Each structure stands twice: as C-alpha cells, then as structure tokens.
Number of protein chains: 2
Amino acid sequence: MSDVGERQGGTPPHYAMVKQMILGRIGSGEWPARHRIPSENELVAALGLSRMTINRALRELAADGVLLRIQGLGTFVAEGKSQTAVFKVRNIADEIRERGHAHAAQTVMKDEVKATPELADELGVELGAPVFHSLVIHLENDIPVQLEDRHVNPALAPDYLAQDFSAQTPNSYLSAVAPWTTVEHTVEAVLPAPWEARLLAIARGDPCLLIRRRTFSGERVVTSVRLLMPGGRSRIESRQGAGS
Amino acid sequence: MSDVGERQGGTPPHYAMVKQMILGRIGSGEWPARHRIPSENELVAALGLSRMTINRALRELAADGVLLRIQGLGTFVAEGKSQTAVFKVRNIADEIRERGHAHAAQTVMKDEVKATPELADELGVELGAPVFHSLVIHLENDIPVQLEDRHVNPALAPDYLAQDFSAQTPNSYLSAVAPWTTVEHTVEAVLPAPWEARLLAIARGDPCLLIRRRTFSGERVVTSVRLLMPGGRSRIESRQGAGS
DNA sequence: CTACAGTGCTTGTATGTACAAGCACGAGGT
DNA sequence: ACCTCGTGCTTGTACATACAAGCACTGTAG
C-alpha cells in the first residue's frame with residue numbers, strides 16, 4: 001500500500017501521534033499504573049497503522065520509562081513515573097567551559113602504589129599489584145571546584161603516568177585509551193579529610209558532594225575515581241518535562 | 001533474504017552492535033566531536049546490514065545525545081557527551097520497600113503559613129498568601145533516613161492538610177491530586193540546622209545530601225520540597241551501559 | 001554576474017513481511 | 001497428582017522497499 005506522504009504540513013508523524021494518544025490515556029487516568037495496554041496487533045487493527053509504526057511508539061515510550069514491555073506477556077503502564085527524576089552529571093571541564101569560565105587542572109601527585117585490599121576489590125586486581133594513582137585539582141577561574149582522586153588499572157592504560165593532565169584531563173585520556181562500556185556512579189554527602197579541605201581551600205567542617213565513579217571496559221575495571229566538590233560551590237541540576 | 005535468526009546464544013542484536021561500534025570509534029578518538037560519520041547507506045554497504053537496522057542504531061544514539069543528525073546533511077558526533085552520567089532519584093517509600101525494609105512516615109507538623117518573599121517566589125503565589133507546610137520524617141526500619149520539608153500551593157491541593165501522611169506519603173497524594181508536568185531538581189551537600197539534626201538523630205556536623213524538588217502542573221507550581229538525607233545513610237546510585 | 005531550477009546526496013517516516021524468543025495455558029501422558 | 005509438551009498469544013529483531021523532506025552543489029537562462 002505504502003500510503004506515506006499524504007500528511008499535511010504541520011501534522012506530526014504517525015508514531016508521535018500514537019505516543020501522544022497513549023500519554024493522554026495515561027494522564028487522564030484511563031490507563032492507570034500496571035494496566036495492560038492493547039497489544040501491538042490490537043493497536044494495528046484499531047489505528048490502521050503498520051505494526052512497525054506502533055512498535056516504534058511503544059519502544060520509545062518504554063525507553064522513556066513510561067511503559068514496561070515484557071516479551072510474551074504484553075505492555076504495561078509503568079508505575080515509577082510519578083517519582084523517577086533523572087540527573088545528568090557532566091564532565092567537569094566541559095561544564096566549566098560551557099559556562100564561559102576558564103578551566104585549569106593542577107596535578108598534585110602522580111605515582112604508583114600497591115593495591116590495598118579495598119583497592120584490589122574496587123579495581124578487580126590482585127592484592128598488592130601495582131596500581132596508578134593521581135590527584136588532580138580542577139579550577140574554575142582559579143578557584144578549586146573539584147578534587148579528583150583517581151586509581152587506574154595499569155593493564156588497561158600502561159602509559160597513564162606519563163600523561164600531562166594540564167593538557168588533557170585524565171578522564172579524556174582514559175576514554176581515548178580504553179573506551180568504557182559500563183559506568184557506575186554513587187553520590188553522597190561527606191566531610192572532607194583535613195588534607196582534602198586544604199587542597200580545596202575550604203574549612204574542615206564544610207560539607208562536600210562526593211561522586212564515586214567506576215568505569216568498565218568489558219568485564220574489567222579501567223578506573224575508579226572519587227570526585228569531591230565543595231557543597232557551596234557546585235550542585236547538580238536537572239529539569240524534566242515541558243521545558244517551560 | 002531475511003537472514004535473521006542465525007544469531008548465536010549470547011550475541012547482542014545487530015543494532016546494538018552497531019551502536020557499540022560507533023561508541024567505540026568515538027571513545028577511541030577516531031571520530032572526534034563534530035566529525036561527520038558515514039551515511040546510512042555507506043554503513044549499510046560496509047556492514048552488510050539493512051538500512052532500517054542502521055537507522056535504528058543511529059536514531060537511538062541521537063536520542064541519547066551522542067550523535068546529531070541533520071536531514072540532508074549527515075550524521076555528526078555531538079560535542080560534550082564524553083561523560084554524561086544519568087542518575088535516577090526514586091520515591092523514598094518505594095525504594096525502601098524494594099530493599100525489603102519497613103517504611104514508615106511520621107508527621108512532625110502540618111500547618112498553614114503566610115508566604116514569605118522567598119516562598120512566594122518559589123511557589124509563584126502572592127506575598128503573604130496562605131501556603132500549606134508539612135514536615136514529615138521517613139523511617140527505614142525505625143531509623144530516620146529522610147526529612148521532608150514541604151510547602152504546597154493551596155490552589156492546587158486544597159485538602160492537603162486533611163491527609164494522613166502515615167497512610168499515604170505527601171508525594172503520592174499530590175501526584176494523584178495534581179499530576180505534574182514538569183519537575184525541577186537540584187542536589188547539594190549541606191550541614192543540617194540544629195533542629196533538623198535532632199529530628200534525623202544525627203550530630204550537627206554530619207553532612208547531609210539535600211535534594212530540592214519543585215513540581216509544576218502546567219505553568220503553576222504545585223509543591224516545593226526539601227529532602228534532607230544523612231550522608232552516611234543514603235546515597236544515589238546509577239549504572240549505565242551493559243548491565244554486567 | 002546573478003538568479004533559479006535541477007540533480008544527487010542526506011535523513012525521516014511508513015509499510016509489509018519474516019522469523020526468533022518468551023510467557024501462559026491447556027491437553028495429554030505418566 | 002504431577003510433569004511435559006504443544007499451541008497461541010505476546011514482544012523483539014531484521015529485512016526490503018517506498019516516498020517525503022531537507023541541504024548543497026551545478027549548470028543554465030537571463
């Protein structure tokens with residue numbers, strides 16, 4: 001049949017209209033959480049569109065977390081919706097530059113250490129095996145905004161210690177040498193250790209945001225990093241929905 | 001031809017492999033930011049897959065912000081990207097129950113106040129207009145894990161104060177009464193005020209994670225809430241990529 | 001020299017078809 | 001009573017094809 005192209009000027013594409021229709025049903029309460037919505041074939045019959053078009057609409061809504069699809073069972077309205085907020089944490093260098101400020105990185109130290117039990121576990125290496133360690137301070141207009149305390153698996157980045165981190169951030173170097181396939185994050189609030197407070201030029205009692213990030217290349221851990229940011233100087237923001 | 005199904009056991013689908021290949025090229029620096037990557041037809045010829053399969057891979061990467069596609073021009077590597085991590089913050093009650101623990105909510109206070117200048121601004125109401133205020137503590141196995149300090153716009157939830165928050169969380173009630181269309185979040189690290197520390201049963205110097213959330217229904221603000229969580233007891237986690 | 005239509009590329013959408021994979025249920029055997 | 005296998009539904013992926021829409025370049029007409 002192939003009846004594409006009869007669409008008028010401003011009419012949105014079919015798959016988008018299907019998405020809107022479904023969001024409308026959910027928003028109006030007609031399809032509450034956990035409700036099973038019609039199958040692809042039923043929607044095909046009801047709307048007179050191709051299954052691939054329906055499939056695309058449902059797949060995208062599932063990717064957005066609005067729907068939950070289970071092969072063999074059906075498609076259901078997800079329940080999380082009311083409460084799942086999404087945060088994005090970006091590369092610090094990019095973020096600073098995007099604000100139009102100057103970014104600089106100071107290498108405090110760079111050396112090779114023997115893996116402690118915790119470190120061996122974190123990086124998935126043998127106890128006592130050599131591990132690279134670096135301590136870098138990121139400055140925004142000469143004010144310290146982040147302390148980057150990083151351990152690197154030498155097997156995946158043997159030349160790590162030879163790099164100049166004021167020219168290329170450790171992050172950028174590592175993602176070039178060993179592209180990641182999986183990333184793991186945690187965010188918490190902590191008090192800085194005395195030496196950390198000194199490096200960040202803050203008082204010992206000032207709370208900090210701590211982001212822990214572990215980066216995997218396949219099954220192996222490339223690097224594990226602690227990003228310590230003064231609570232007053234940085235925060236994570238996000239906005240979701242109609243961007244007003 | 002239709003040669004589907006020759007795929008082995010654990011082999012990921014073709015479109016996913018194409019995505020990985022592209023992410024690898026970008027990660028390795030072979031395709032830097034702003035670089036134009038091969039067209040769909042070129043990839044079809046190079047990889048021996050159908051254009052729809054290539055299209056799906058590129059479309060999904062574009063949706064993730066990794067690629068930028070311009071009709072008539074081509075597909076380009078987006079800038080920034082290199083380290084955007086995504087965090088999900090869920091409803092605390094759900095999260096606790098999902099861990100198999102007991103969740104309880106204690107209402108500390110519930111009253112009507114007059115909007116201060118800051119409050120009026122935050123909620124978009126007149127200065128001095130009545131505003132509902134509630135203070136609820138969330139407990140996980142009888143240990144306080146979150147202090148919820150909430151202000152509500154009476155216009156959108158007039159019966160708010162009459163609710164029993166030990167039966168239904170304020171959150172859950174509000175999302176039923178006034179479904180949100182937009183949410184705004186910030187996360188930072190702070191020290192608790194003395195009275196807050198007392199309610200959370202922590203020391204005054206213990207750092208806390210503070211999540212601020214503003215919820216909109218259309219153009220109007222439904223509620224603005226401060227979620228204060230002891231740094232040691234809770235954190236935000238996320239995992240991205242091949243789920244191990 | 002300039003304006004404009006044409007051409008050839010690109011991505012965007014839509015359809016029809018095919019087979020794989022997963023789940024629930026019931027019929028049948030043990 | 002219990003186990004097993006088949007059947008019919010569901011979603012997941014892959015393909016071939018078609019046309020629309022947008023962009024840059026080129027050749028031609030003025």
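Here is how names work: the chains are called A, B, and so on, in the same order as the sequence lines, proteins then strands, and each is numbered from 1. Only a predicted model underlies this, so the values are computations on that prediction, with no experimental measurement involved.
B:L61 has its CG atom 12 Å from the P atom of C:dG12, to the nearest Å. The interatomic distance linking B:H14 (NE2) with C:dC19 (P) rounds to 16 Å, in whole Å. Rounded to a whole Å, the CG atom of B:N55 is 14 Å from the C1' atom of C:dT15. Between the CE atom of A:M17 and the P atom of C:dA14 there is a distance of 9 Å, given to the nearest Å. The distance between atom CG of A:L67 and atom P of D:dT10, rounded to the nearest whole Å, is 16 Å. When rounded to the nearest whole Å, the span between CD1 of B:I54 and P of D:dT13 equals 15 Å. Spacing between atom CZ of A:R59 and atom C1' of D:dT13 amounts to 9 Å, rounded to whole angstrom units. Distance, A:E60 CD to D:dG12 C1': 15 Å, rounded to whole Å.
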Under 3.5 Å between N/O atoms: give me all the protein pairs with nucleotides 22-24 of chain D, atom names plus distance.
residue	atom	partner	partner atom	Å
D:dG22	O4'	B:Q71	OE1	3.1
D:dG22	N2	B:G72	O	3.3

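In the set C:dG16, C:dT11, C:dT13, C:dG16 carries the atom at the smallest distance from any side-chain atom of A:M52.
Note on residues 43-52 of chain B: pairs passing salt bridge (Lys or Arg N to Asp or Glu O under 4.0 Å), not counting sequence neighbours, are B:E40-B:R51.
Of all the residues in residues 41-51 of chain B, B:L49, B:S50, B:R51 reach under 4.0 Å from DNA chain D with at least one non-hydrogen atom.
Judged by distance alone, the side chains of B:S134 and B:R150 never bring a donor and an acceptor atom under 3.5 Å apart.
Regarding contacts with the backbone of D:dT11, a side-chain N or O of A:T75 is found under 4.0 angstrom from either OP1 or OP2. Considering only side-chain N and O atoms, A:R56 lies nowhere under 4.0 angstrom from the phosphate OP1 or OP2 of C:dA14. Neither OP1 nor OP2 of D:dA14 sits under 4.0 Å from any side-chain N or O of B:Y15. The shortest distance between the side-chain N/O atoms of A:T53 and the OP1/OP2 oxygens of C:dT13 is not below 4.0 Å. Taking side-chain N and O atoms only, B:S39 has a distance below 4.0 Å to OP1 or OP2 of C:dT10.
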Take A:R212 and A:E184 through the test salt bridge (Lys or Arg N to Asp or Glu O under 4.0 Å) and record every step on the way to the result.
CA-CA 8 Å; A:R212 277 206 179 82; A:E184 225 180 46; over 6 Å; no
Go through the steps to decide whether B:R226 and B:E122 satisfy the test salt bridge (Lys or Arg N to Asp or Glu O under 4.0 Å), and finish with yes or no.
CA-CA 12 Å; B:R226 291 174 71 247; B:E122 245 181 64; over 6 Å; no
Check step by step if side-chain contact (heavy atoms from CB on, under 4.5 Å) holds for A:L23 and A:L61.
CA-CA 9 Å; A:L23 287 173; A:L61 286 175; 4.1 Å; yes
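Geometric assessment of B:R34 against the ring of B:F76 yields a negative cation-pi assignment under the 6.0 Å and 45° thresholds.
Using cut-offs of 30° and 60° for the angle between ring planes, the B:Y173 and B:Y160 rings count as tilted.
B:R214 places no side-chain N or O within donor-acceptor distance of the main-chain N or O of B:T223, the cut-off being under 3.5 Å. Although no hydrogens or angles enter the test, the distance criterion places a donor-acceptor pair under 3.5 Å between the side chain of A:N153 and the main chain of A:V221.
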